[in-house]
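Quick note on labels: first sequence line is chain A, next is B, and so on, each numbered from 1.
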Amino acid sequence: MQIYLPIAEVSVNAFMLLGLGGLVGILSGMFGVGGGFLITPLLFFVGIPPAVAVATSTNQIVASSVSGVLAHFKRKTVDLKMGVVLLAGGLVGTVAGVQVFSALARLGQVDLLVQLCYVLFLGVIGTLMLAESLRAARRARRPAAPAPAPRKARGWMQKLPLKMRFRTSGLYISVIPPVLVGGFVGLLAAIMGVGGGFVMVPAMIYLLGMPTKVVVGTSLFQIIFVAGAATVMHATANYSVDMVLALLLILGGVIGAQVGTRIGVKMKAENLRILLALMVLLVCGRLALDLVLTPAELYSLADARVAP
Amino acid sequence: MRRARLRCLALALAAAALALSSPAPAGAETVVAGLSQEEISITTNFDGSEILIFGAVRREAPPPGSDPLEVIVTVQGPSRPVTVRRKDRRFGIWVNTDASEIDLAPTFYAVSTSGPLAEVLTQTEDLRHRVSVPRAIRAVGTGISDQESFTEALIRIRSDSSAYQLNESAVRVRQQTLFDTAVRLPSNLTEGAYRTRIFLTRGGEVVDVHEQEIPVRKVGLERIIYTLAHQRPLVYGLLSLAIAVCAGWLASALFRYIRS
């Protein structure tokens, strides 16, 4: 069934979009990631204009994060105070990100920036995750091996001013690092059309030292607001949010997420992480290849809507 | 489609009857033409469209000269400025380096002819009436030495996506009097007035021109969403957000209910 998208101004198959949303939903349910890093490149691939793809996936991320965070509220695994601090940084980062996006769109370099961001972040995160999960899988096979030494407290972070107590996370740290992390993720969210969970989660564990059980819930909590702000800003600045497209992706996504969660429960955590890492690296490799290989068409036409 | 063709033929015959009954200037040939659609509506299930263009030639005297009658039909969408960018290899990766601004290029342009374009239209007439695709694009010097290659790239890219079409021998001419053709419009149309021109030529010279416009616009839900997004962007953004939040909440509530 073909459906005409009013903002993207293209006609696409509605079932294909539902399937796309469903596929990403399954993956996000299995791995506990938002899936923005997959849905944006997939939308480019089916012919949605890049500006619309980036803006609309931020809207889809809101829906999947709301759906996810409710379960975490039930389990009391959301650090609201930390979420608000991260959010304060996140909103500043999002505003800056939308500005950077518009400025580079005028220069014709926005595709390059988005691609470079994807290659860099997916490459680094994927490699780290793969190495870590392979180590964990090996440890699981030889239970005699000693557990890794506990991390040393970050000396320089203890010296920063503006300390605050985060009860749910059991932390007493300065607000400066979380604000910076939030800001950085907000910047990425606006430029890449992703929630940023794949950067936020490792940063919270390794940089801020938060306990793993509250990390995903807190990250989802703040992503709702950052992605929500990005949606409204893209809608007002670029008129590029497509409601119909978002609705189809959301519909497929929420169903897929429930299916994915069940699959995820049945699989071993380490194997799940290895799979996710491989998938991240696959997307990264595909995008890197596009940058390096000689393109079939050297010329491109600019989207009139992004023009100044 | 078959019914549309039949209807088209019937209308062409009616046009011919009209042409025969009303007097025309002595020795001149003029076009009487019609379109299968008054306007094109973009609805939720819009997947491109096809317009049938048909008509007849009205003449007083018998067909002059030995040159056969030829017909050229052009359909042109609204024109917009376009930026064409070219990639080049920098530090091992492909980066947009040069750009050229093309002042006005039609978002859609189709030329259908009754024979090879070079034979049915002379260069001079093409320049005067801006018939062929390269003539329909206006590019003013931008200081780039090879402007040509940017314009060519624009035509190449748009031709690949069927936004620019040259359909030679797609117009059927019968008995030197009746003609008809069908032009396929893709689904990614820009809204606006689509200008249809019909040229009659003999020996490459334009004998008569007929012009008509077909409005293309979004209707119904498509119209409402598009208008809201552009006129009340804040309301639209907040509404999108509300839908997403509700959908997320509903989904988790629904699945909790199913599971319990």
Side-chain angles (χ1 to χ4, degrees), chain A residues 1-7 9-12 56 59-71 107-109 111-112 116 224 227-228 231-237 239-244 246-247 250-251 253-255 257-258 290-295 297-302 304 307, chain B residues 42-48 80-89 92-96 99 149-150 152-154 156-158 160 186-190 218 221-226 228-230 233-234 236-241 243-256 258:
Chain A
M1 190 185 79
Q2 292 293 119
I3 188 161
Y4 184 86
L5 303 172
I7 306 297
E9 300 190 312
V10 289
S11 171
V12 285
T56 307
N59 197 22
Q60 190 263 343
I61 288 161
V62 174
S64 61
S65 306
V66 167
S67 177
V69 86
L70 288 173
L107 293 174
Q109 300 300 356
D111 294 353
L112 178 72
L116 281 176
I224 293 173
T231 302
V232 173
M233 275 187 263
H234 276 299
T236 50
Y239 311 113
S240 50
V241 177
D242 196 308
M243 221 182 244
V244 178
L247 203 62
I250 290 169
L251 212 62
V254 292
I255 297 168
Q258 301 295 332
D290 282 346
L291 281 176
V292 180
L293 292 182
T294 306
E297 176 63 69
L298 285 181
Y299 294 85
S300 62
L301 307 182
Chain B
I42 299 182
T43 52
T44 316
N45 57 2
F46 181 74
D47 183 25
R80 297 267 187 280
V82 184
T83 310
V84 184
R85 297 202 165 91
R86 182 170 56 197
K87 282 194 171 69
D88 208 349
R89 200 190 274 272
I93 58 170
W94 291 90
V95 182
N96 283 332
S149 60
F150 284 90
E152 276 167 22
L154 171 72
R156 187 171 61 239
I157 293 170
R158 292 222 164 139
D160 285 346
S187 67
N188 57 344
L189 290 181
T190 305
K218 297 185 175 108
L221 188 64
E222 306 291 316
R223 174 90 261 151
I224 295 167
I225 293 176
Y226 185 84
L228 186 66
H230 284 260
L234 187 62
Y236 178 85
L238 293 174
L239 189 63
S240 306
L241 207 58
I243 291 174
V245 171
C246 288
W249 174 77
L250 255 173
S252 85
L254 194 71
F255 278 95
R256 227 184 4 253
I258 291 171

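Residues A/Thr231 and B/Gly237 approach most closely at CG2-O, 4.4 Å, considering heavy atoms. Pairing each heavy atom of B/Ala247 with each of A/Ile250, the nearest pair is CB-CG2, 3.5 Å. For the pair A/Ala235 and B/Pro233, the tightest heavy-atom approach, listed with the atom from each and the gap, is O-CB, 3.6 Å. Across A/Val66 and B/Val245, no two heavy atoms sit closer than the pair CG1-O, 3.7 Å. Heavy atoms only, all atoms of each residue included: B/Leu239 and A/Met243 are closest at CD2-CE, 3.6 Å. Smallest separation of non-hydrogen atoms from A/Ile7 and B/Ala229: CD1-CB, 3.6 Å.
Ranking B/Ile157, B/Ile224, B/Leu228 against chain A, the residue ahead of the rest is B/Ile157, based on heavy-atom pairs under 4.5 Å. Taking chain A as the reference chain and counting heavy-atom pairs below 4.5 Å, the highest number among B/Gly48, B/Ala253, B/Ala153 is found for B/Ala153. The residue among B/Arg156, B/Lys87, B/Glu222 with the most heavy atom pairs within less than 4.5 Å of chain A is B/Glu222. Comparing A/Gln2, A/Met233, A/His234 by how many heavy-atom pairs each has under 4.5 Å with chain B, the most go to A/Gln2. Looking only at heavy-atom pairs under 4.5 Å with chain B, the residue among A/Ala237, A/Gly228, A/Ala246 that has the most is A/Gly228.
Heavy-atom distances place the backbone of B/Thr43, and not its side chain, under 4.5 Å from chain A. Contact annotation for B/Leu189: only backbone heavy atoms (N, CA, C, O) come within less than 4.5 Å of a heavy atom of chain A. Of the two parts of B/Leu241, the backbone and the side chain both hold a non-hydrogen atom closer than 4.5 Å to a non-hydrogen atom of chain A. When heavy atoms are compared at a cutoff of 4.5 Å, A/Val12 does not approach chain B at all. Interface remark: B/Val84 contributes backbone and side-chain atoms alike to the contact with chain A (heavy atom separation under 4.5 Å). Proximity to chain B involves both the backbone and the side chain of A/Ile3, based on heavy atoms less than 4.5 angstrom apart. Residue B/Leu234 touches chain A through both its backbone and its side chain, counting heavy-atom pairs closer than 4.5 Å. For A/Ile224, no part sits under 4.5 Å from any heavy atom of chain B, backbone or side chain. For a residue to count as touching a neighbouring chain, one of its non-hydrogen atoms must lie under 4.5 Å from one of that chain's; by this rule A/Leu251 does not touch chain B.
Residues forming a salt bridge (Lys or Arg N to Asp or Glu O under 4.0 Å) with B/Arg89 (at least two apart in sequence, or on another chain): none. Residues passing the ring-ring contact (aromatic ring centres under 6.0 Å, His included) test with A/Tyr4, sequence neighbours excluded: B/Phe46.
A donor-acceptor contact shorter than 3.5 Å links the side chain of B/Tyr236 to the backbone of A/Val241.
In the displayed structure, B/Trp249 atom CH2 is contacted under 6.0 Å by at most 12 heavy atoms of other residues, nucleotides or ligands.
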